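Just so it is clear, the model here is predicted, and its values are computed rather than measured.
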Amino acid sequence: MESAPQPFFAFNMPLPSSLLPVLALLLNALIWGLAWWPFRLMHGAGLHPLWATAVMYSGVLATLLALRPGLIAQLRAHPQLWLLAVCSGLNNVAFNWAVTVGDVVRVILLFYLMPAWAVLLAWRILGERPTPMALARLLLAFGGVLLVLVPAGASPGQLLHGLSMADGLALLGGFMFAMTNVTLRRLSAVPGQARMCAMFGGCLLMALAAASLGSRVGVVEPFPAFNATWAVTAAVLAALLLLGNWALQFGAARLAAGTTAVVLLSEVVFASVSSVLLSAAQLQPRTLLGGGLIVTASLLAALQRR
């Protein structure tokens with residue numbers, strides 16, 4: 001089993017109780033589960049989520065390189081990290097865009113199709129033949145997706161008619177998240193800090209590339225004039241993402257991989273409850289049922305890893 005990467009920040013405390021790593025993972029899930037709100041706040045102030053992603057990760061990356069300047073040499077020594085950077089960047093770009101413009105619950109559920117994609121990618125890339133249980137989880141997850149995406153009374157063949165841009169971005173984000181995880185396993189011999197730096201750098205580069213291309217074709221608004229609302233929100237969210245990354249590494253280094261995955265599923269709860277309370281999502285019976293199937297598939301995958 002791959003060891004968890006060491007945190008960027010030293011943590012000079014005695015070995016914590018078993019509850020502290022769980023609380024750290026819950027903090028990470030809470031930050032990402034509520035991230036849709038600041039993205040929408042910045043979008044309302046004129047900053048598109050792609051530009052917002054670029055602004056935030058430029059600050060995050062600058063901070064990390066200032067704290068660990070030796071990471072640049074590690075990145076040069078491992079050119080295969082470029083694949084990780086691209087996969088992680090596209091994952092982040094797609095998710096941030098989708099959660100800003102789409103129904104939050106629907107986006108989160110489609111994004112958490114990731115374990116199903118991981119089965120297929122591990123089969124194709126790593127040569128890991130899926131077990132009967134893995135195939136059962138695959139069917140369970142895709143069955144949930146059909147319930148979420150296909151309108152009531154429509155046939156599965158009409159899937160594309162009900163697919164919005166946010167739905168497509170969420171599916172792409174989940175697929176690239178799975179690709180990121182598979183790539184991380186292939187690069188397990190590369191130092192953990194170099195991998196994390198490549199992921200943050202990929203988020204910055206892919207956001208800049210997508211925003212620039214989107215501006216040229218008229219899909220993305222040009223970078224706006226300075227505004228205190230989006231500037232302060234971006235700075236706060238960037239700091240929270242750094243905190244969340246530290247919390248994730250701290251918790252994952254001290255818990256079994258399956259336990260980590262189960263705890264991180266709480267992001268679905270945080271995002272769903274907050275978005276419904278703030279009228280950013282609608283809970284329909286088909287969405288709840290389909291979401292239940294998707295989350296169950298993810299939970300079974302996590303329990304198997306445990």
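- Heavy-atom minimum distance, A24 versus A247: O-CB, 3.2 Å.
- In terms of modelled atom types and a separation under 3.5 Å, the side chain of N28 and the main chain of L25 share no donor-acceptor contact.
- Cluster membership check: F175 does not share its hydrophobic cluster with L139, using side-chain heavy-atom separations under 4.5 Å among Ile, Leu, Val, Met, Phe, Trp and Tyr.
- For the atom pair CD1 (I294) and CG (L140), the distance works out to 9.0 Å, reported to the nearest 0.5 Å.
- Using a 4.5 Å heavy-atom cutoff, the side chains of T229 and M42 are not in contact.
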Checking side-chain contact (heavy atoms from CB on, under 4.5 Å) for the pair E221/H43: CA distance, chi angles, key distance, verdict?
-> CA-CA 10 Å; E221 301 90 350; H43 197 207; 4.0 Å; yes

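- Between the CZ atom in F111 and the CD atom in E267 there is a gap of 7.0 Å [rounded to 0.5 Å].
- Side-chain contact between L241 and Y57 is present, with at least one heavy-atom pair separated by less than 4.5 Å.
- Following chains of ILVMFWY side-chain contacts shorter than 4.5 Å, one cannot reach L83 starting from V182, and the two form parts of different hydrophobic clusters.
- Between the OG atom in S58 and the CZ atom in F200 there is a gap of 12.5 Å [rounded to 0.5 Å].
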What do the steps show when you test R286 against L289 for side-chain contact (heavy atoms from CB on, under 4.5 Å), and what is the final call?
-> CA-CA 5 Å; R286 288 175 65 89; L289 179 57; 5.8 Å; no

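- Within the 3.5 Å criterion, the main-chain N or O of A271 finds a donor-acceptor partner in the side chain of S274.
- When every heavy atom of A210 is checked against every heavy atom of V93, the shortest pair comes out as CB-CG1, 4.2 Å.
- Residues P38 and V236 form no side-chain contact, since every pair of their non-hydrogen atoms from C-beta on lies 4.5 Å or further apart.
- Between L172 and L90 the shortest side-chain heavy-atom distance does not fall below 4.5 Å.
- A distance of 14.5 Å separates CZ of F270 from CH2 of W36, quoted to the nearest 0.5 Å.
- L81 places a side-chain heavy atom less than 4.5 Å from the side chain of L84.
- Listed here is the closest heavy atom pair of H48 and V219: NE2-O, 4.5 Å.
- Formation of a donor-acceptor pair under 3.5 Å by the R185 side chain with backbone atoms of N181 is not found in this model.
- Put simply, the side chain of N91 never gets that close to the backbone of C87: no donor and acceptor are under 3.5 Å apart.
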Taking it one step at a time, do T53 and W97 satisfy side-chain contact (heavy atoms from CB on, under 4.5 Å)?
-> CA-CA 9 Å; T53 301; W97 194 352; over 6 Å; no

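- Contact annotation: the side chain of L205 approaches that of W82 to within less than 4.5 Å [non-hydrogen atoms, C-beta and beyond].
- The side-chain contact (heavy atoms from CB on, under 4.5 Å) with F250 is formed by just one residue from the set L27, L23, L20, N245; it is L20.
- One hydrophobic cluster, built from ILVMFWY side chains closer than 4.5 Å, holds both V55 and V232.
- Note on I31 and V273: separate hydrophobic clusters, where clusters join Ile, Leu, Val, Met, Phe, Trp and Tyr whose side-chain heavy atoms are under 4.5 Å apart, directly or indirectly.
- In this structure, CG in L248 is found 6.0 Å from CG in L264, a value given to the nearest 0.5 Å.
- Remark: side-chain polar atoms of S272 are not paired, donor with acceptor, to backbone N or O of V269 under 3.5 angstrom.
- Using a 4.5 Å heavy-atom threshold, the side chains of V60 and L204 count as separate.
- Among all heavy-atom pairs drawn from V107 and A98, the shortest one is CG2-O, 3.6 Å.
- Under the 3.5 Å distance criterion, the side-chain polar atoms of R40 are matched with a main-chain donor or acceptor of T100.
- With a 4.5 Å cut-off on side-chain heavy atoms, L109 and V295 count as touching.
- Remark: side-chain polar atoms of R195 are paired, donor with acceptor, to backbone N or O of V190 under 3.5 angstrom.
- The minimum heavy-atom distance between N92 and C203, with the atom names listed, is CB-SG, 3.5 Å.
- The CG atom of L50 sits 10.0 Å away from atom CG of L213, with the distance rounded to the nearest 0.5 Å.
- With H78 contributing its side chain and Q80 its backbone, the two residues share no donor-acceptor pair below 3.5 Å.
- Put simply, L288 and V104 are part of the same group of oily side chains (I, L, V, M, F, W, Y) that touch within less than 4.5 Å, one to the next.
- Scanning both residues, S88 and M199, for their nearest heavy atoms gives OG-CB, 3.4 Å.
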Kindly indicate, with the supporting measurements, whether the criterion side-chain contact (heavy atoms from CB on, under 4.5 Å) is fulfilled by L34 and W37.
-> CA-CA 6 Å; L34 300 180; W37 181 72; 5.7 Å; no

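- Put simply, the residue from L71, L64, L75 that forms a side-chain contact (heavy atoms from CB on, under 4.5 Å) with Q193 is L71.
- Judged purely by atom type and a 3.5 angstrom limit, W230 has no side-chain atom pairing as donor or acceptor with the backbone of L41.
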